[in-house]
Amino acid sequence: MIRTHPAGGLRPEHAGQSVVLAGWVARRRDHGGVVFVDLRDASGVVQVVFREAVPEDPLSQAAHELRAEYCVRVDGTVEIRPAGNANPELPTGEIEVTASRLEVLSVAEPLPFPVEGSAGEIAEEARLRWRYLDLRRLGPARALRLRAQATRVIRGVMDAHGFLDIETPYLTRSTPEGARDFLVPVRLQPGSWYALPQSPQLFKQLLMVAGLERYYQIVRCFRDEDFRADRQPEFTQLDVEMSFPDEEDIYALTEELLARVWREVLGVEVPTPFPRLGYAEAMARFGVDCPDTRFGVELADLTAYLAGTGFRVFQAAIGAGGYVGAVVMPGGASQTRKELDGWQEWARGRGARGLAYVLLDAETGEPRGPVAKNLSPEHLAGLAAATRAQPGDAVFFAAAAVRTEALALLGAARLEIGQRCALVDDSAWDLLWVTDFPMFEPTGDGGWTAMHHPFTAPVPANEADFHLRPGEALSRAYDVVVNGQEIGGGSIRIHRAEVQQRVFDVIGLSRVETDAQFGFLLEAFRYGPPPHGGIAFGLDRLCQRLAGADSIRDVIAFPKTASGGDPLTGAPTPITPAQRAEAGIDAVPEP
RNA sequence: UGGGCGAUCGUUCAACGGCAGGACGUCGGGCUGUCCACUCGAAGAUGCGGGUUCGAGUCCCGCUCGCCCAGCCA
């Protein structure tokens, strides 16, 4: 190594020592005869002093010519700073390095944005375009360090439990259902294409058939869908599968894993076992299947209470076998007309017609507002009790013939209320299981689709008859939720061909189709497959949470934008006609 | 695919339909104890294409790009 010491580690006990440092010029304060340089390396920052002993001395001259982000080597002596000159803001603030020699290892052009200084306000596009400069900064680099720490803990836990780290193919076959595949042309077989895996789901099940019993992998997955703050075209899963488990084994492993990650990365103790919440209860109380339980404001089901109402909007929903519900905004009655209109705007932005509301007078508790005029005196009288609202609160309603639509709006409103009323304790960590998912959900055209995926086992009570009543059958799937965000999910899998066949029948996959798509898995299942199950965690989201970041882009070294581009490399790019011809993209399939 | 917001010196933020301005950075000078050093001076910008207008950074239409949301993501 060029250096003898990390810059950020120097302390008063090093005083008197000769050191060699290597790093970057973070800041330069040039007083003419004395020049201060803040030298930054990965360990931190230390102040280097260049003093002009005699006029025009070359060392001082060289220091004068330094610029931001030059990469330099400094030889010098650690000294206690003169009295009154210590900087308590810096870990190295009690000392400084008096330079005796300076070597510019490489120069830097003027920067496209300031590397030092309050950095958060730089446009993300510029940060990604020059991501290597962005990552020189403390905050962005810290997110990547945290991620490395998390994966180190994860590997330790998985190894301690005898899980084997096994790689699976990135070039594999396309399987319909689920997300859109990224496709890769095959030069040696024009007209045939690989797909990049959406997850190693089928391979990990094959590894269970193979008798390896315990598999894990920190693996890249690819989905060609639209991107968001928490979605990238390529993302990373911690993928886990084991043989002969029941749910409790997966829960125990997950709880140990996450508790240790939280402890060793954040120093936070999360209580185990995690609370468990059934899907139906989660939907009824919170309107979503991944509730943020850090605050209350639970939904109220008013379908029965408002039966017989004359208010047409509610009547129509109830008459159609739907749902009317409400969520209370504490203190919401004092909102201005503009704020209440803002809620209408907010609801329309989510595809709803609006958000009906009743305001309860802060003094009298008297219901006010346009909707109040449409409800009977009896319904109004009991409204506060039915919704657990207090005087001064606002009650927001949602009604729909399809229950889940109204629940979705109320669930979103609940989160918005939590935000606007600052009800969320930002320091809290709520980790919980959501269990007892339905096996199937309606497709909208009378059919059914697997809610989790088609290899998810039914609960024992539904094993014999799930195909007869697909709307009621529950599966052995589970999600783990952190502060209202799903960060992992999995299931106990089907391992019997007969059960698997009935699932395919329910979701309308013919034997020809299943053979074509999953034939290799079904064939493997003819050779003594073990009962098995597993879970997969979104590692990017997990690290985003740990880092307190706004986007998974912050915990990815070189992330892509919402349109799938990489501002740094310029990918994706057009290809040359020669590449196009060679890749076999335009091969015409045999009729 | 749809909705919202946005795009001005390198960065960040201004500008009633009427001379595009500041801060930081950059470049040049000064300065021996600063730590967002200070100080004197200089250069430097309206994403693209149409339209309205005497006149457009500003208004209108289209496009591109970015961010957020809905759809989508088994």
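Quick caveat: nothing in here was measured; it's all calculated off a predicted structure. Order of the sequence lines fixes the chain letters, A, B, ..., with proteins taken first and strands second; residue numbering starts at 1 for each chain. Hydrogens, waters and symmetry mates are skipped; everything else that's a heavy atom, side chains included, is used.
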Taking only the C1' atom of each, what is the distance from B:rA37 to B:rC24 in whole angstrom? 14 Å
Of residues 222-230 of chain A, the positions that come close to RNA chain B - non-hydrogen atoms, cut-off under 4.0 Å: A:R223, A:E225, A:D226, A:R228, A:A229
With sequence neighbours excluded, residues passing salt bridge (Lys or Arg N to Asp or Glu O under 4.0 Å) with A:E345: A:R348
Test side-chain hydrogen bond (donor to acceptor under 3.5 Å, both in side chains) applied to A:H14 - qualifying residues, sequence neighbours left out: none
Mate of B:rC9 where both pairing distances stay under 3.5 Å, Watson-Crick or G-U: none
Counter-base of B:rG17, judged by Watson-Crick or G-U geometry with both distances under 3.5 Å: none
Rounded to the Å, how far apart are A:L568 CG and B:rG66 C1'? 16 Å
Taking the same atom, C1', in B:rC67 and in B:rC31, what whole-Å distance lies between them? 45 Å
If you look at every strand shown and take non-hydrogen atoms under 4.0 Å, does A:E125 touch a base, only sugar-phosphate, or nothing? sugar-phosphate
Parallel under 30°, tilted from 30 to 60°, perpendicular over 60°: which one fits the rings of A:Y279 and A:F437? tilted
What does B:rA70 pair with, Watson-Crick or G-U, if both distances are under 3.5 Å? B:rU1
Check every strand shown and say whether A:R350 touches a base, only sugar-phosphate, or nothing at a heavy-atom separation below 4.0 Å. sugar-phosphate
Salt bridge flag under 4.0 Å for residues A:R541 and A:D230: yes
When the P atoms of B:rC59 and B:rG66 are compared, how many Å lie between them, rounded to an integer? 23 Å
State which residues pass side-chain contact (heavy atoms from CB on, under 4.5 Å) with A:P559; sequence neighbours excluded, sorted by chain then number. A:L128, A:R131, A:Q232, A:R553, A:I556
Taken to the nearest whole Å, CZ/A:F50 to C1'/B:rU34 is 14 Å
All N/O pairs under 3.5 Å across the protein-nucleotides 8-11 of chain B interface:
from	atom 1	to	atom 2	distance (Å)
B:rG10	O2'	A:P112	O	2.3
B:rU11	O4'	A:P112	O	3.4

Across the strands shown, which category fits A:E89 at heavy-atom distances under 4.0 angstrom: base, sugar-phosphate, nothing? nothing
Using the 3.5 Å cut-off, write out each protein N or O paired with an N or O of nucleotides 39-46 of chain B and the distance between them.
none

Would you mind classifying the nucleic acid contact of A:E96 as base, sugar-phosphate or nothing, using non-hydrogen atoms under 4.0 angstrom? base
For RNA chain B, which residues in residues 28-46 of chain A have a heavy atom at a distance below 4.0 Å? A:R29, A:D30, A:H31, A:G32, A:G33, A:V34, A:F36
Within less than 4.0 Å of OP1 or OP2 of B:rC35, is there a side-chain N or O belonging to A:R27? no
Nearest-angstrom distance, C1' atom, B:rG51 to B:rC65: 22 Å
Under a 3.5 Å cut-off for both contacts, is B:rC63 paired Watson-Crick or G-U wobble with anything, and if yes, with which nucleotide? B:rG47
What distance, rounded to whole Å, do you find between the two P atoms, one in B:rA14 and one in B:rG4? 22 Å
For A:Y70, check ring pair (Phe, Tyr, Trp, His ring centres under 6.0 Å) against everything at least two apart and list the hits. none
Against the side chain of A:R553, the closest entry in B:rG66, B:rC72, B:rC68 is B:rC68
Ranking A:S199 and A:A53 by the position along RNA chain B of their nearest nucleotide, the one closer to 5' is A:A53
Is it true that A:E116 and A:R28 have a side-chain N and a carboxylate O under 4.0 angstrom from each other? no
Measuring only the P atom in each nucleotide, how far is B:rG22 from B:rG44? A whole number of Å is fine. 13 Å
Parallel under 30°, tilted from 30 to 60°, perpendicular over 60°: which one fits the rings of A:F396 and A:W343? tilted
Please state the C1' separation for the pair B:rC27 and B:rC68 - nearest whole angstrom. 40 Å
Donor-acceptor pair present, A:R67 side chain and B:rC27 base, under 3.5 Å: no
Nearest whole Å is fine: how far is B:rU12 C1' from A:R127 CZ? 15 Å
By nearest nucleotide on RNA chain B, pick out whichever of A:H64 and A:M451 is the more 5' one. A:H64
What integer distance in Å separates A:E109:CD from B:rC27:P? 11 Å
A:R231 CZ to B:rC67 C1': how many Å, rounded? 14 Å
For A:R496, which residues count as a side-chain contact (heavy atoms from CB on, under 4.5 Å) partner, sequence neighbours excluded? A:E463, A:E498, A:V499
Could you give the CG-to-P distance, from A:L66 to B:rC27, as a whole number of Å? 12 Å
Could you check whether A:S563 gets within reach of a base, just the sugar-phosphate, or nothing at all, counting any heavy atom under 4.0 Å? sugar-phosphate
Suppose we define a pair by two distances each less than 3.5 Å, Watson-Crick or G-U wobble; what does B:rC31 pair with here? none
Using the P atom as the reference point in each nucleotide, state the distance between B:rG50 and B:rG25 in Å, no decimals. 39 Å
Across all chains, not counting sequence neighbours, the side-chain hydrogen bond (donor to acceptor under 3.5 Å, both in side chains) partners of A:T92 are none
With no hydrogens and no angle check, do the side chains of A:Q205 and A:Q201 hold a donor and an acceptor under 3.5 Å apart? yes
Answer with yes or no whether the side chains of A:D181 and A:S174 bring together a donor and an acceptor at under 3.5 Å. yes
Under the ring pair (Phe, Tyr, Trp, His ring centres under 6.0 Å) test, which residues partner A:F227, sequence neighbours left out? none
Taking the ring centre of each residue, are A:F50 and A:H64 less than 6.0 Å apart? no
Just how far, in rounded Å, is C1' of B:rC36 from CG of A:L90? 12 Å
Hey, are A:E124 and A:R127 close enough for a salt bridge, meaning a charged N less than 4.0 Å from a carboxylate O? no
Whole angstroms only, please: what is the CD-P distance between A:E441 and B:rG71? 12 Å
List for me each residue that meets ring pair (Phe, Tyr, Trp, His ring centres under 6.0 Å) alongside A:F466, sequence neighbours excluded, and say none if there are none. none
Report yes if the side chains of A:L407 and A:F286 come closer than 4.5 Å at any heavy-atom pair, otherwise no. no
